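Since the model is a prediction, treat every value here as computed from it, not as a measurement. Every number for a ligand or one of its atoms is a count from 1 in the order of the listing. Just so you know, these numbers use all the heavy atoms, side chains as well, and skip hydrogens, waters and symmetry mates.
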Amino acid sequence: MRVFAVAEIRMNELDPVSVELLNLANEIKADGSAEAIVLGKDVSEFANELSKYSDKVWKIENDSLENYNPEIYADVLIQLFQKEKPDVILFPNSSRGAELAPLISTRLDAPIVTDIVGLDFSNGVKAKRYIFQGKLMVDILVKDADTYVFTVRQGVFKEGKEIGGEIVDVKIEPTVSPARQFISIIEPEVGEVDIAQADIIVSVGRGIEDESNIELAEELAKALGGVVAGSRPVIDSGWLPKDRQVGISGKTVKPKLYLALGISGAFQHIMGMKDSELIIAVNKDPEAPIFGVAQYGIVGDIFEIVPALIEKLNQIKS
Ligand SMILES: Cc1cc2nc3c(=O)[nH]c(=O)nc-3n(C[C@H](O)[C@H](O)[C@H](O)COP(=O)(O)OP(=O)(O)OC[C@H]3O[C@@H](n4cnc5c(N)ncnc54)[C@H](O)[C@@H]3O)c2cc1C
């Protein structure tokens with residue numbers, strides 16, 4: 001099978017989800033190929049990086065591809081796909097992927113499943129995804145087709161291996177004059193972090209009680225070399241930015257350490273962090289469901305335990 005992964009470049013950086021797409025592509029390609037596509041104005045550096053994880057990288061450089069425009073990008077991709085005839089096309093389940101994938105799917109008359117967390121081609125085509133806000137996971141049987149389109153949930157296919165492939169420079173000119181025009185990029189505030197990429201996450205729930213106490217979590221995160229995230233009530237209260245939310249309506253994270261402070265463990269939260277390598281929970285309620293997924297649990301008050309932890313860590317460091 002030829003599995004194509006459409007890489008994503010943001011703010012002149014390769015989004016790590018691009019490599020996750022290739023990890024999935026390598027998993028399902030059988031004796032076929034995992035092929036990356038990278039579009040932009042000057043993307044050689046990204047093509048080199050992607051070639052480590054793919055059999056082939058299609059590098060499409062053009063001045064008109066400098067800034068993302070869905071009409072131009074879809075047009076260029078369609079031209080490549082009509083020529084190369086992929087069996088499977090993978091996009092990240094990002095806002096960009098969610099815009100491009102349906103455009104490609106309708107143009108190619110290809111079935112699409114979004115936000116998948118697994119793919120199985122052993123007996124027909126089965127795509128795994130969550131439904132009902134993460135309450136159930138289902139296998140979706142996809143009808144037979146020449147090409148399938150999927151958007152892939154970020155953070156699920158982190159493991160893969162380097163294979164080393166070739167880079168093919170391909171010249172494709174856009175054939176559309178887009179109705180929408182790029183105006184400017186509004187950069188995120190300085191200091192923003194991507195919790196999906198963090199190795200250590202200190203996550204706070206409603207038990208943190210007040211915005212002024214977030215500082216305590218930040219101090220602990222600093223001592224551990226990690227970042228602060230939160231459950232939905234913390235984000236809804238405006239104590240942390242939206243992109244720090246863990247859970248089905250936030251981000252899926254898989255850090256080496258997930259420290260849950262004052263988080264009850266509602267399933268909508270658990271779905272976003274249950275695959276972390278090590279989960280430690282602190283909660284004053286011994287019956288809190290978070291203890292069901294934690295490897296280590298501390299029944300106690302975070303306002304006693306966190307300062308003691310910070311002190312201990314600082315002692316060890318000095
Ligand atoms: C459609 C939908 C989508 C949702 N998406 C998400 C999502 O993406 N992410 C998410 O997190 N939630 C999500 N939710 C909300 C979810 O259902 C829960 O309401 C939420 O996760 C609860 O957050 P919490 O654990 O911080 O708060 P609570 O459930 O109120 O738990 C607070 C916990 O803190 C403990 N505690 C209190 N004080 C202390 C203290 N001093 N020391 C130690 N422990 C203490 C309490 O014992 C309690 O267990 C969603 C809900 C819906 C309906």
Part of [X] within contact of ligand 1 (heavy atoms, under 4.0 Å):
{"X": "Ser264", "answer": "both"}
{"X": "Phe267", "answer": "neither"}
{"X": "Val234", "answer": "neither"}

### Query
About how many Å separate CG of Leu103 and CG of Leu77, when rounded to the nearest 0.5 Å?
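CG of Leu103 is found 10.0 Å from CG of Leu77.
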### Query
In Å and rounded to the nearest 0.5 Å, what is the CD1 to OG distance from Ile72 to Ser64?
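Atom-to-atom, Ile72:CD1 and Ser64:OG are 5.0 Å apart.
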### Task
Say whether Ser44 and Lys59, considering side chains only, have a donor N or O and an acceptor N or O under 3.5 Å apart.
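A pair is found: one side chain offers a donor N or O, the other an acceptor, under 3.5 Å apart.
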### Query
Any chance the side chains of Asn23 and Glu27 put a donor and an acceptor closer than 3.5 Å?
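No.
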Give yes or no for whether the N/O distance cutoff of 3.5 Å, strictly under, is met between [X] and ligand 1.
{"X": "Ala266", "answer": "no"}
{"X": "His269", "answer": "yes"}
{"X": "Val246", "answer": "yes"}
{"X": "Ile302", "answer": "yes"}

Tell me the nearest of [options] to [atom], using heavy-atom distances.
{"atom": "atom 33 (C) of ligand 1", "options": "Gly300, Ala260, Gly262, Gly265", "answer": "Gly262"}
{"atom": "atom 15 (C) of ligand 1", "options": "Glu304, Met273, Arg232, Met271", "answer": "Arg232"}
{"atom": "atom 41 (N) of ligand 1", "options": "Ile298, Ile263, Asp301", "answer": "Asp301"}
{"atom": "atom 53 (C) of ligand 1", "options": "Arg206, Gln245, Gln268", "answer": "Gln268"}
{"atom": "atom 48 (C) of ligand 1", "options": "Asn283, Val282, Ile208, Ile235", "answer": "Asn283"}

### Task
Quick one: list whatever passes side-chain contact (heavy atoms from CB on, under 4.5 Å) with Asp115, sequence neighbours left out.
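With neighbours one apart ignored, the set is Asn93, Arg129, Arg153.
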With heavy-atom distances below 4.0 Å as the criterion, list the atoms of ligand 1 near [X].
{"X": "Ser231", "value": "11 (O), 23 (O), 24 (P), 26 (O)"}
{"X": "Gly250", "value": "8 (O)"}
{"X": "Ser249", "value": "3 (C), 4 (C), 5 (N), 6 (C), 7 (C), 8 (O)"}
{"X": "Phe303", "value": "41 (N)"}
{"X": "Gly205", "value": "26 (O)"}

### Query
Any donor-acceptor pair under 3.5 Å linking the side chain of Arg244 with the backbone of Val228?
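Confirmed, Arg244 side chain pairs with Val228 backbone.
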### Query
Does Gln79 reach the main-chain N or O of Glu173 with its side chain, forming a donor-acceptor pair under 3.5 Å?
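Yes: the side chain of Gln79 pairs with the backbone of Glu173.
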### Task
Examine ligand 1 and decide if any of its atoms is less than 4.0 Å from a heavy atom belonging to Pro233.
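Yes.
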### Salt bridge flag under 4.0 Å for residues Arg180 and Glu99
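Salt bridge present between Arg180 and Glu99.
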### ring-ring contact (aromatic ring centres under 6.0 Å, His included) against Phe91, all qualifying residues, sequence neighbours excluded
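ring-ring contact (aromatic ring centres under 6.0 Å, His included) list for Phe91, sorted by chain: empty.
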### Task
Inspect the surroundings of CZ in Phe182 and state if more than 12 heavy atoms from other residues, nucleotides or ligands are less than 6.0 Å away.
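Enclosed.
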### Message
Tell me whether the count of non-hydrogen atoms from other residues, nucleotides or ligands lying under 6.0 Å of CD1 in Ile316 goes above 12.
### Response
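Result for CD1/Ile316: enclosed.
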